[in-house]
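Chain letters run A, B, ... following the sequence lines, proteins first and then strands; every chain starts at 1. Here the structure is a predicted model, which is why all the values come from computation and not from measurement.
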There are 2 protein chains.
Amino acid sequence: MREGVINAPFSRVRPMNYELQQIKAFLKVVELESFQGAAEALNLSQPALSRRIKKLESILGTALLSRTTRSVSLTTVGRDFFPQAKRLVDEFDHALFNIRALAENRIGQITLACIPTAAFYFLPAVIREYNARYPNIRIRLLDLSANDGLEAVLSGEAEFGINMLSGHHPDILFTPLVVEPFVLVCRRDHPLANKDQVTWTELIQHKLIGVGKMSGNRMLLDHELSELANRPTWFYEVQHLSTSLGMVEVGLGVAAVPRLSMPDDEHPVLVQRPLVEPLVKRTLGMVRRRDSALSPAAERFVETLLRHWDKGSDDDTTAQVSTMD
Amino acid sequence: MREGVINAPFSRVRPMNYELQQIKAFLKVVELESFQGAAEALNLSQPALSRRIKKLESILGTALLSRTTRSVSLTTVGRDFFPQAKRLVDEFDHALFNIRALAENRIGQITLACIPTAAFYFLPAVIREYNARYPNIRIRLLDLSANDGLEAVLSGEAEFGINMLSGHHPDILFTPLVVEPFVLVCRRDHPLANKDQVTWTELIQHKLIGVGKMSGNRMLLDHELSELANRPTWFYEVQHLSTSLGMVEVGLGVAAVPRLSMPDDEHPVLVQRPLVEPLVKRTLGMVRRRDSALSPAAERFVETLLRHWDKGSDDDTTAQVSTMD
DNA sequence: TTAATTGATGCGTTTCATGCATATATGCGG
DNA sequence: CCGCATATATGCATGAAACGCATCAATTAA
């Protein structure tokens with residue numbers, strides 16, 4: 001059976017199985033005032049077109065076109081129907097065209113929530129490449145704290161995000177991108193700058209600048225260092241890593257920050273040293289909701305992101321940044 | 001071949017052959033959040049529905065639904081598409097429904113142009129019957145002179161009309177309904193009232209009330225009497241037959257009018273007498289444009305009209321006015 | 001772990017729109 | 001007035017597409 005009418009008990013209502021092709025055929029015939037011409041325009045044989053129109057008319061229960069071999073004209077009903085049909089078909093085509101444009105990444109918008117570190121230090125390159133490839137897709141970048149960013153993804157405000165691996169939320173899918181160690185940052189003229197590497201315990205003797213208690217980094221460190229006998233305490237507390245770097249720069253103290261937070265290796269004032277015993281690492285990765293699918297535009301972005309980090313990891317292995325694709 | 005692609009040279013534009021059934025399937029699935037349920041609602045097997053959606057998605061080049069065996073949810077694109085699709089489909093169904101209502105004479109409007117005689121003396125009964133059968137079809141009755149009525153039909157303002165047979169206009173189709181003689185109308189106390197019949201020549205001796213030169217009746221009479229040796233001249237000239245009857249009633253003169261213009265046989269003041277030598281008759285009938293088809297509502301009206309007059313003509317051979325049913 | 005439910009897939013079948021050939025109707029020119 | 005040219009309608013065989021059935025795969029609940 002072509003169309004199931006399994007369950008048509010005694011309905012006297014005819015089903016109205018009209019189709020867009022029929023209506024488009026009608027419109028074409030009216031516009032060209034010819035079956036022959038419309039058939040060509042529709043890549044259809046003339047008999048086929050005749051039958052399409054006929055079918056539509058039989059569905060409607062009335063003639064739409066008054067045709068002789070010499071002329072085609074609208075009936076009264078057809079005249080009523082034509083403008084409505086034209087408008088609706090146009091709107092439909094327009095809507096579908098837009099959807100396809102969306103699907104083909106010709107237009108669109110993506111919203112992602114990422115932690116400031118990512119926003120500053122490795123998203124820009126990805127965004128540049130993505131934007132070169134899909135110039136008409138707008139990007140809304142929410143640079144939020146780890147907690148807020150996760151919340152944005154959960155609520156759907158952001159389609160996905162870059163975050164650090166923390167408490168495994170059941171609705172969140174985490175794809176690791178990079179593992180980075182915490183390093184010590186201090187001025188070049190600081191005593192610790194002379195050492196090849198520094199232990200956490202050594203930090204006890206220095207003024208340490210840390211981040212607020214609710215920060216993801218702080219929670220991670222508190223957890224990782226909890227088993228350490230003599231663990232350092234924070235003297236200054238700030239909210240953002242960039243602030244702490246600024247404070248280090250003017251000589252207020254030293255800081256323990258993720259490797260990627262450091263602007264680059266050749267900073268005029270600041271240097272970094274590996275922090276060991278223990279080696280504390282954080283894992284950055286992509287987070288997205290487990291159930292809902294990404295928009296095509298977002299999928300393209302994720303692809304770009306992953307491709308970028310595959311490439312990036314090769315010349316970055318010395319800094320023990322590793323990515324798993 | 002199912003769809004002619006005779007002429008698709010190297011177009012990279014995909015054809016967008018989406019169909020309403022696919023979109024309606026999508027809407028149903030979203031509404032019921034289930035393929036199984038939607039399939040039942042659409043009287044379709046579940047595999048068939050799965051394939052419909054899949055086809056639509058392949059046309060759009062993107063997934064609209066995110067489905068697992070346990071839940072069905074919208075993708076980002078699908079969420080965009082749903083409200084538009086819903087609105088358009090609803091509007092389409094509404095438009096088509098109205099067209100069908102129109103076709104089935106459940107709603108509609110007809111406009112007809114008819115001469116006053118017809119409007120007064122034989123349309124009311126037709127209209128009553130028609131309205132009883134099709135209560136929701138509005139009737140616009142243009143009671144115009146013969147000339148103006150013909151013009152209204154030609155211009156399309158009226159779908160058809162009731163008129164007298166006159167110059168055969170090439171675009172007009174005339175269907176005769178009734179042939180009626182011209183009769184003399186005078187007061188019961190008028191000398192001519194004593195005669196069984198009156199000749200046109202006799203009228204010379206009386207004050208005759210006629211209608212304006214452009215009237216269809218006047219032109220008909222001028223033409224028919226042109227070969228008469230002694231033909232009467234009009235003393236009074238008015239524009240409407242009803243006016244001339246009024247003037248006869250107060251005793252200003254006598255008038256020659258079509259039989260049907262007389263109110264009825266038992267008028268307290270007026271009587272009619274056959275007018276002979278020659279017997280002048282006019283033919284009333286339906287006029288419509290040759291090319292354009294009538295609306296379904298109008299066709300029903302014409303049917304009623306003709307049925308009415310078929311029946312009527314049988315007991316009307318005596319040249320009496322009869323109202324049928 | 002198993003049973004049940006839901007969507008996807010393989011496959012044979014049916015349907016129905018199509019193209020070709022041809023009939024039919026209409027207007028124009030001889 | 002009649003025949004010809006042109007445009008739509010129809011008969012018929014064909015085949016592509018959509019269908020239903022049976023089954024698979026995946027996920028949840030018990």
A.B. asks: For the pair K24(B) and D90(B), find out whether any cationic side-chain nitrogen is under 4.0 Å from an anionic carboxylate oxygen.
C.D. replies: no

A.B. asks: Under a 3.5 Å distance rule, please check whether R67(B) uses its side chain to pair with a backbone N or O of L65(B) as donor and acceptor.
C.D. replies: yes

A.B. asks: Looking at dT8(D), I'd like to know if its phosphate oxygens (OP1 or OP2) sit under 4.0 Å from a side-chain N or O belonging to S50(A).
C.D. replies: no

A.B. asks: Measure CD1/I53(B) against C1'/dG7(C) and give the value in whole Å, please.
C.D. replies: 12 Å

A.B. asks: What is the distance, rounded to the nearest whole Å, between atom CG of L49(B) and atom C1' of dC21(D)?
C.D. replies: 16 Å

A.B. asks: What distance do M164(A) atom CE and N147(A) atom CG have between them, rounded to the nearest 0.5 Å?
C.D. replies: 9.0 Å

A.B. asks: T68(A) or K55(A): which one's nearest nucleotide on DNA chain C is closer to the 5' end?
C.D. replies: K55(A)

A.B. asks: What's R67(B) touching, base or sugar-phosphate or nothing? Going by heavy atoms closer than 4.0 Å.
C.D. replies: sugar-phosphate

A.B. asks: Do NZ/NE/NH1/NH2 and the carboxylate oxygens of E159(A) and R300(A) come within less than 4.0 Å?
C.D. replies: no

A.B. asks: What's Q36(B) touching, base or sugar-phosphate or nothing? Going by heavy atoms closer than 4.0 Å.
C.D. replies: sugar-phosphate

A.B. asks: Taking CG from L32(B) and C1' from dT6(C), how many angstroms apart are they, rounded to a whole number?
C.D. replies: 14 Å

A.B. asks: Would you mind classifying the nucleic acid contact of S34(B) as base, sugar-phosphate or nothing, using non-hydrogen atoms under 4.0 angstrom?
C.D. replies: sugar-phosphate

A.B. asks: Distance check: side-chain N/O of T69(A) vs OP1/OP2 of dA7(D), anything under 4.0 Å?
C.D. replies: no

A.B. asks: State whether K54(A) places a side-chain N or O below 4.0 Å from either non-bridging phosphate oxygen (OP1 or OP2) of dT10(D).
C.D. replies: yes

A.B. asks: Do N163(B) side-chain atoms and A146(B) backbone N/O form a donor-acceptor pair below 3.5 Å?
C.D. replies: yes

A.B. asks: How long is the line joining CG of L42(B) and C1' of dC19(D), in whole Å?
C.D. replies: 14 Å

A.B. asks: Look at the side chain of R52(A) and decide which nucleotide, out of dG20(D), dA17(C), dT10(D), has an atom nearest to it.
C.D. replies: dA17(C)

A.B. asks: What is the distance, rounded to the nearest whole Å, between atom CD of Q21(B) and atom P of dA17(D)?
C.D. replies: 16 Å

A.B. asks: Atom CZ of R51(B) and atom P of dA8(C): how far apart are they, to the nearest Å?
C.D. replies: 10 Å

A.B. asks: Between Y18(B) (OH) and dA18(D) (P), how many Å, whole number?
C.D. replies: 16 Å

A.B. asks: Give the rounded distance in Å between these two atoms: CZ of F35(B) and C1' of dA26(D).
C.D. replies: 15 Å

A.B. asks: Which nucleotide in the set dA9(D), dA8(C), dG20(D) lies at the smallest distance from any side-chain heavy atom of Q46(B)?
C.D. replies: dA8(C)

